[in-house]
Amino acid sequence: MTSDSPARRVRTRVAPSPTGDPHVGTAYVALVNYCFARKHGGDFMLRIEDTDQARSTPESERSILAALRWTGLSWDEGPDVGGPHGPYRQSERSAIYARYSDELLENGHAFRCFCTPERLDAMRAAQRAAKVPQKYDGHCLTVPPEESARRAASGESFVVRMKVPSDGTIVVNDVSRGAIEFSFADVDMQVLMKSDGLPTYHLANVVDDHLMEITHVIRGEEWVSSAPKHLLLYQYFGWEPPALMHLPLLRNPDKSKLSKRKNPTGILFYERMGYLPEALLNFLGLLLAPAQEGHEIFSVAELTQRLDLAKISHGGPVFDVAKLDWLNGQYLRTIPAEDLIARTQRWGFDRDRIRRIAELAQSRVERLSDLIPTVAYLFAGRLPVTKASFAATKLDDEAIRKALALAMWGLDAERAFDVATIERVLKGVGEALGLKFRDLSRVYYVAMAGSTTALPLFDSMELLGRDLCRERFRLALDALGGVSAKEQKEWSP
RNA sequence: GGCGCCAUAGUCUAUCGGUUAGGACGCCGCCCUUUCAAGGCGGAGAGACGGGUUCAACUCCCGUUGGCGCUACCA
């Protein structure tokens, strides 16, 4: 099967894990999958991979759906729209995975592993010390099937691991990278079912892609090294594997993997900053399809025409905000003025938001002409804060930086971003630093509003939203010289 | 450390053995202009390094270096 003449109806998917804020990388992967499916008259679906009970949250899932919807990309099947291959949320498919895991166990392609985390840790430590590759040593491979079944039945905790041939090689045929060969000796006996009875990514992914009739798996490069395991699973089940394609990972300007510590990575950040979804998608599209000379501006429909998986370049592209800015400007300048007004209204002037801001501002203005300057920071992106801006806080440099860092990290660890949460976290920082919140708050006013005079802090922050607040924290910290690695270690909770 | 992926200007990229190495962002300059933008025009700026193969290498091969990813009962 080639990417140009698929034998079956093309079906692609994007499968985010709801463990954090919607990431631009998800939009990037969704975009290719969407365009590829459209190009071939196929289906594009959304699946939620929430098998990590500890980290998955419904808030994150809602936020990811909202962010993806904002981009304008639409899916034919998914947890919100349904479809014939549901459920589309992995946490609702446990019975299915258990069945396939049992099948593997029965056929001898997998085995129960009763090793404790402690033994596994010790094993890895020893391997590290001996400078040998870290992988499961096969300790439970020798447990006889009857004993294995008995121990499981008696309630002993176990995981299911896949068996891997002891020698030989396996070739991963990547649509654009070509053949990539791996020795089985380098493939670990991956855990397929966790002790909580839920599958790991590897099992769930393979089972779902097969059941959902996915023909092309287009995903991030971080999956290349586990592709052999996936292929092996298809083989064990006797299923035809889908075509595989690994996209390069988006990078920070320093070439490291795009991360929120160094850059805004949230789709919603770009929304809050006032980028148009068309511009964001156009920008991401530029990383997927070579621009024709002098023709950098194109729609998703045009990208769909031009997309050629084999031609996507393999180097990890830096997410160049300057170029996104230019593109967004192009879009903003060419849409009709009526449209500009409507979009601006939708972006930051919906009735409820305006009303709330007006109520907060009312007691703080004496003339109507005071209003706009008073609330301007709520409609701005990045603020021009400098070291001098913090003079009014009357705190020393280190205290300010620590206050900012602790607040940023504390807020990052929270699921919610509302007045109550923000208040709790920031006041907690005050206690940790032994400062009266009244004094400490000035630091946050400057960072969030650019001045110690503003509408109430917690409301302002909620109104600004998590992404914009994080960016302002980051910028304020930068203005003061940042946080050294040593400080980061000392200050971390 | 092991395995894998990658390597053209600061950034995104074109080139699929023979080009003055093309375009876009950014940067600089000029023009337009009541300012600032926008717009127009122009400019500086690139094949990581070392070996091969070939009449010819950015392009193919090998090595080095560098970047990145994986190396979890996370995805």
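Here is the naming used below: chain letters follow the sequence lines, and residue numbers restart at 1 for every chain. The structure presented is a predicted model; accordingly, all values stated were derived computationally and were not measured.
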Any chance you could lay out the side chain to side chain donor-acceptor pair (under 3.5 Å) test for H246(A) and R177(A), step after step, and finish with the verdict?
-> CA-CA 8 Å; H246(A) 295 92; R177(A) 290 166 207 259; 5.5 Å; no
Begin with the C-alpha distance, continue with both residues' side-chain angles, and end with the deciding distance and a verdict on side chain to side chain donor-acceptor pair (under 3.5 Å) for R11(A) and H85(A).
-> CA-CA 12 Å; R11(A) 287 174 57 82; H85(A) 299 78; 3.2 Å; yes
Applying side chain to side chain donor-acceptor pair (under 3.5 Å), run through S56(A) and D52(A) and close with a yes or a no.
-> CA-CA 6 Å; S56(A) 299; D52(A) 184 342; 5.6 Å; no
Could you give me the CA-CA distance, side-chain angles and deciding distance for S148(A) and R112(A), then say whether side chain to side chain donor-acceptor pair (under 3.5 Å) is met?
-> CA-CA 7 Å; S148(A) 168; R112(A) 291 190 192 85; 2.8 Å; yes
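With a cut-off of 3.5 Å on both Watson-Crick or G-U wobble distances, the partner of C41(B) is given as G29(B). When both distances must be under 3.5 Å, the Watson-Crick or G-U wobble mate of U65(B) is A7(B). Taking a pair to require two hydrogen-bonding distances under 3.5 Å in either a Watson-Crick or a G-U wobble arrangement, A56(B) remains unpaired.
The P atoms of G42(B) and A24(B) are separated by 10 Å, rounded to the nearest whole Å. Taking atom P on both A48(B) and A21(B), the two are 15 Å apart, rounded to the nearest angstrom. Rounded to a whole angstrom, the distance from the C1' atom of G69(B) to that of A37(B) is 42 Å. Spacing between U65(B) and C74(B) at atom P, rounded to whole Å, works out to 36 Å. Annotation: G45(B) and G22(B) have their C1' atoms spaced 14 Å apart (nearest Å). A44(B) and A9(B) have their C1' atoms separated by 10 Å, given to the nearest Å. Across C61(B) and C5(B), the matching P atoms stand 13 Å from one another, rounded to whole Å. Taking the P atoms as reference points, U19(B) lies 47 Å from U35(B), given to the whole Å.
A salt bridge does not link D320(A) to R251(A): none of the charged nitrogens lies less than 4.0 Å from a carboxylate oxygen. Remark: E302(A) engages R306(A) in a salt bridge, criterion side-chain N to carboxylate O under 4.0 Å.
Candidate nucleotides C74(B), C6(B), G4(B) were compared by shortest atom distance to the side chain of F182(A), and G4(B) ranks first. Relative to the side chain of K257(A), the nucleotides A75(B), C70(B), C5(B) differ in distance, and C70(B) lies closest. Of the candidate nucleotides C12(B), C25(B), C74(B), C25(B) has the atom nearest to the side chain of A322(A).
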Tabulate atom names and distances for all N/O pairs under 3.5 angstrom spanning the protein and nucleotides 30-32 of chain B.
none

Shorter than 3.5 Å, N or O on both sides, protein versus nucleotides 18-21 of chain B: list them out with atom names.
none

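Residues satisfying the salt bridge (Lys or Arg N to Asp or Glu O under 4.0 Å) criterion with D209(A), sequence neighbours excluded, are R13(A), R47(A). Applying the side-chain contact (heavy atoms from CB on, under 4.5 Å) test to P384(A) and every residue at least two apart in sequence or in another chain returns nothing. Shown here are the ring-ring contact (aromatic ring centres under 6.0 Å, His included) partners of F349(A), two or more places apart in sequence or in another chain: F379(A). Every residue two or more places apart in sequence or in another chain was checked for a side chain to side chain donor-acceptor pair (under 3.5 Å) with E103(A), and none qualifies.
Residue R124(A) has a polar side-chain atom (N or O) positioned under 4.0 Å from OP1 or OP2 of C73(B). Contact between the side-chain N/O atoms of R161(A) and the OP1/OP2 oxygens of C73(B) is found at a separation under 4.0 Å. OP1 or OP2 of A75(B) sits under 4.0 Å from a side-chain N or O of K194(A).
Whole-Å rounding puts the L258(A) CG to C12(B) P distance at 13 Å. Rounded to a whole Å, the CG atom of D308(A) is 15 Å from the C1' atom of U13(B). As a whole-Å value, the separation of L250(A) CG from U11(B) P is 15 Å. Note: CG (D186(A)) to P (G1(B)) measures 16 Å, nearest angstrom. Put simply, CE on M245(A) is 11 Å from P on C6(B), counting in whole angstrom units. Rounded to an integer number of Å, the gap from R251(A) CZ to A7(B) C1' is 10 Å. If you measure from atom NZ of K135(A) to atom P of G2(B), you get 15 Å, rounded to the nearest angstrom. One can place OH of Y201(A) at 12 Å from P of C70(B), the figure rounded to the nearest angstrom.
No hydrogens or angles considered: nothing links the side chains of Y88(A) and D208(A) as a donor-acceptor pair under 3.5 Å. Using modelled atom types and a 3.5 Å distance limit, the side chains of T200(A) and K194(A) yield no donor-acceptor pair. Side-chain contact check for N263(A) and T265(A): no donor-acceptor pair (N or O, by modelled atom type) lies under 3.5 Å. Side-chain atoms of Q90(A) and E49(A) include a donor-acceptor pair closer than 3.5 Å.
With hydrogens and angles ignored, the 3.5 Å screen pairs no side-chain donor or acceptor of T51(A) with any backbone N or O of L198(A). With D467(A) contributing its side chain and L268(A) its backbone, the two residues share no donor-acceptor pair below 3.5 Å.
Pairs engaging residues 159-213 of chain A under the ring-ring contact (aromatic ring centres under 6.0 Å, His included) rule: Y201(A)-W223(A), Y201(A)-H230(A), H202(A)-H230(A), H210(A)-W239(A) [sequence neighbours left out]. Applying the ring-ring contact (aromatic ring centres under 6.0 Å, His included) definition to pairs two or more places apart or across chains, those involving residues 102-134 of chain A are H109(A)-Y236(A), F114(A)-F158(A). Among residues at least two apart or in separate chains, ring-ring contact (aromatic ring centres under 6.0 Å, His included) pairs with a member in residues 299-335 of chain A are Y270(A)-F319(A), F283(A)-F319(A).
Where T116(A) and P133(A) each meet RNA chain B at their nearest nucleotide, the meeting point lying more 5' is that of P133(A). The residue among R177(A) and L324(A) whose nearest nucleotide of RNA chain B lies closer to the 5′ end is R177(A).
At a non-hydrogen distance threshold of 4.0 Å, E221(A), E222(A), W223(A), V224(A), S225(A) from residues 221-233 of chain A come into contact with RNA chain B. For the segment residues 282-301 of chain A, the set of residues with a heavy atom within less than 4.0 Å of an atom of RNA chain B comprises L286(A), L287(A), P290(A), E293(A), G294(A), E296(A), in numerical order. If you check residues 333-340 of chain A against RNA chain B, the residues with a heavy atom closer than 4.0 Å are R333(A), listed by number.
Judged by atom type and distance alone, R55(A) reaches the base of C74(B) through a side-chain donor-acceptor pair under 3.5 Å.
Residue S313(A) is classed as a sugar-phosphate contact, given heavy-atom separations below 4.0 Å to backbone atoms only.
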